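Predicted, not measured: the structure shown is a model, and the values here were computed from it. Here is the naming used below: chain letters follow the sequence lines, and residue numbers restart at 1 for every chain.
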2 protein chains.
Amino acid sequence: MPIEIPEVVIERLPVYARALADLEAQGREVVSSQELGEKLGVTPAQIRKDLSYFGRFGKQGRGYNVRRLSEHLRHILGLDRTWDMVLIGVGPLGQAILHYGGFAPQGFRVVEAFDASPAVIGRTIGGIVVRDVRDLKQRLAERKVDIGIVAVPAAVAQEVIDTLVECGIKAILNYAPIAAQVPPGVHIRRVDPVLELQSMTYYLKSQDGAAK
Amino acid sequence: MPIEIPEVVIERLPVYARALADLEAQGREVVSSQELGEKLGVTPAQIRKDLSYFGRFGKQGRGYNVRRLSEHLRHILGLDRTWDMVLIGVGPLGQAILHYGGFAPQGFRVVEAFDASPAVIGRTIGGIVVRDVRDLKQRLAERKVDIGIVAVPAAVAQEVIDTLVECGIKAILNYAPIAAQVPPGVHIRRVDPVLELQSMTYYLKSQDGAAK
DNA sequence: GTATGTGAACCACTTCACAGCA
DNA sequence: TGCTGTGAAGTGGTTCACATAC
């Protein structure tokens, strides 16, 4: 692939891909950047520019073939395969993740789960046997996984993340409320509803003082 | 308040606030933008510039008083009060949210919960009585809440969000996998782990093809 | 006629670099 | 001397606007 593609662009592609999957399910054959943009709250120019990093998928005067573009995006993002994930932390949050039905249909499956507590080690949750986190490194040496999910308390999250990195994991989904450090080449995304709430309150506060 | 403050800045403030709370708990009295930046993976200049939108909180040659800056940020963000939230959707995800212990310590409490299914309506979960979503508008007219949490299936999420907006809700945390549309003045943030995963796979895929 | 693809113009955010203050 | 606060410079991303193709 040629030059560096902005990370914001990569983050928008799954949004496009999802919208296209919806359109496909509805039986739509063609969509314009205009219409797609309206659905997603993005400008048409944004969509066209984003797609142009990867090729020319549209037909002038017509728009984009939904199925074709959908498949292209899925391929670009690597969504046309299955990704194996390891979960660290099987407390209430981790258990909810194991039971969550939203990953599998998208090709993401948890294949290993670890915890430090004897209360859960050995139990089978969501079809996965919970193992002792002390066996993590050894186990991951045998059974390669692609992605790590961190659902441990904040106090030990960085330590767990360091271990995952040592195991060669290159992508981490972090549910722990910390600003985790990872070396270059390792990708990390945080899922942190409290942070989302805490930035929205800024605007709520302003509104109370002014209008409304 | 003077000119428009970039939204990215607002989104970073809670991160700073959290780090400062940690330092405070550790008994630290002073911190430099340098040190804070290292902890958070942000440049010192970024932190100083961000803070400068709101005032002058530091002392040249010394740094920032941890407690003082922490309190300022909490006040700026409106974290020095409690925020009432309404949850829509009490399926597995919604129940996990009701049981989640991470909101309350930060001043966010779910005070109302609604669902459409007779299986949960009337039940008490996490101390909250689940009500019929058909009573949502009426109930919110009596009992004002600040924030809406949407944990319903994608198919009905936009409809629920529209209702919340009609009720005068100005901030929404959306767990449903849709690109929701809200009118100007309403703030919405999404919590969408699948989207996070789907953008990371782009990089995993590239690496497989190249190095590693 | 209509909608894409894309250089160029624009805008916003980040980083620099240094004056100013403790 | 050390670190903040901040205009100015730099960078990166978005939007424009139009040539191009169907």
Side-chain angles (χ1 to χ4, degrees), chain A residues 1-16 19-20 23 28-73 76 179 184 199 202, chain B residues 1-16 19-20 23 28-73 76 179 199 202-203:
Chain A
M1 297 275 154
I3 52 164
E4 194 70 42
I5 293 161
E7 179 153 348
V8 276
V9 173
I10 303 302
E11 285 172 9
R12 279 192 295 264
L13 295 188
V15 180
Y16 302 163
L20 287 162
L23 288 169
R28 287 288 306 278
E29 296 200 346
V30 177
V31 70
S32 66
S33 59
Q34 174 74 39
E35 183 185 352
L36 198 55
E38 279 167 14
K39 266 200 203 315
L40 299 175
V42 171
T43 67
Q46 179 87 269
I47 293 175
R48 296 201 301 276
K49 176 66 100 177
D50 285 352
L51 296 178
S52 77
Y53 283 104
F54 301 94
R56 305 151 72 108
F57 306 114
K59 278 201 172 55
Q60 276 119 327
R62 251 175 89 57
Y64 299 89
N65 178 291
V66 171
R67 184 192 187 99
R68 194 174 104 85
L69 181 55
S70 174
E71 278 173 6
H72 269 295
L73 287 180
I76 290 165
S199 64
Y202 170 78
Chain B
M1 297 277 153
I3 53 163
E4 195 68 43
I5 293 160
E7 180 153 349
V8 276
V9 173
I10 303 303
E11 286 171 8
R12 279 192 296 264
L13 295 187
V15 179
Y16 302 163
L20 286 161
L23 287 169
R28 287 289 307 275
E29 297 200 346
V30 177
V31 70
S32 65
S33 58
Q34 173 76 37
E35 183 185 351
L36 198 55
E38 279 166 16
K39 267 201 203 314
L40 299 176
V42 170
T43 66
Q46 177 88 269
I47 293 174
R48 296 202 301 275
K49 176 64 98 175
D50 286 353
L51 296 177
S52 77
Y53 283 104
F54 302 95
R56 305 152 70 110
F57 306 115
K59 280 202 171 56
Q60 276 119 327
R62 250 176 89 57
Y64 300 89
N65 178 292
V66 171
R67 185 193 186 99
R68 195 174 103 85
L69 182 54
S70 174
E71 278 174 5
H72 269 294
L73 286 181
I76 291 165
S199 63
Y202 170 78
Y203 298 102

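Atom CG of residue A:Leu36 and atom CZ of residue A:Arg28 lie 10.0 Å apart, to the nearest 0.5 angstrom. To the nearest 0.5 angstrom, B:Ile76 atom CD1 is 8.5 Å from B:Ile10 atom CD1.
The nucleotide range of DNA chain C contacted by chain B, defined by atoms under 4.0 angstrom from heavy atoms of the protein and reported 5' to 3', is C:dC13 to C:dA22. Taking the 5' to 3' direction, DNA chain D first and last meets chain A under 4.0 angstrom from a heavy atom at D:dG13 to D:dC22.
Closest approach of A:Ala19 and A:Leu40 over heavy atoms only: CB-CD2, 3.8 Å. The two residues B:Tyr202 and A:Ile5 make their nearest non-hydrogen contact at OH-CD1, 3.6 Å.
Nucleotides of DNA chain C nearest to B:Glu7 and A:Leu51 differ in position, and the one nearer the 5' end is that of A:Leu51. The residue among B:Val31 and B:Lys49 whose nearest nucleotide of DNA chain D is located toward the 5' end is B:Val31.
Contacts with DNA chain C (heavy atom under 4.0 Å) in residues 38-48 of chain A: A:Arg48, listed by number.
For A:Thr43, the side chain to side chain contact (heavy atoms under 4.5 Å, CB included) partners are A:Ala45, A:Gln46, not counting sequence neighbours. For A:Glu11, the side chain to side chain contact (heavy atoms under 4.5 Å, CB included) partners at least two apart in sequence or on another chain are A:Glu7, A:Arg189, B:Ser199. When the side-chain hydrogen bond (donor to acceptor under 3.5 Å, both in side chains) test is applied to A:Ser33, the partners found at least two apart in sequence or on another chain are A:Arg48. Scanning for side chain to side chain contact (heavy atoms under 4.5 Å, CB included) contacts around A:Val8 gives A:Pro6, A:Arg12, with sequence neighbours left out. Taking B:Glu38 as the reference, B:Gln34 meet the side-chain hydrogen bond (donor to acceptor under 3.5 Å, both in side chains) condition, with sequence neighbours excluded.
In this structure, A:His72 and A:Leu51 have side chains that are not in contact, with every pair of non-hydrogen atoms separated by 4.5 Å or more. The side-chain heavy atoms of A:Leu73 and A:Phe54, taken from C-beta on, include no pair separated by under 4.5 Å.
From one end of the helix from C:dG1-D:dC22 to C:dA22-D:dT1 to the other, with five pairs defining each end axis, the axis direction shifts by 10° (rounded to 10°).
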Please output the side-chain donor-acceptor pairs of residues 59-66 of chain A that fall under 3.5 Å, not counting sequence neighbours, one pair per line with the distance.
from: A:Asn65; atom 1: OD1; to: A:Arg67; atom 2: N; distance (Å): 3.1
from: A:Asn65; atom 1: OD1; to: A:Arg68; atom 2: N; distance (Å): 2.8

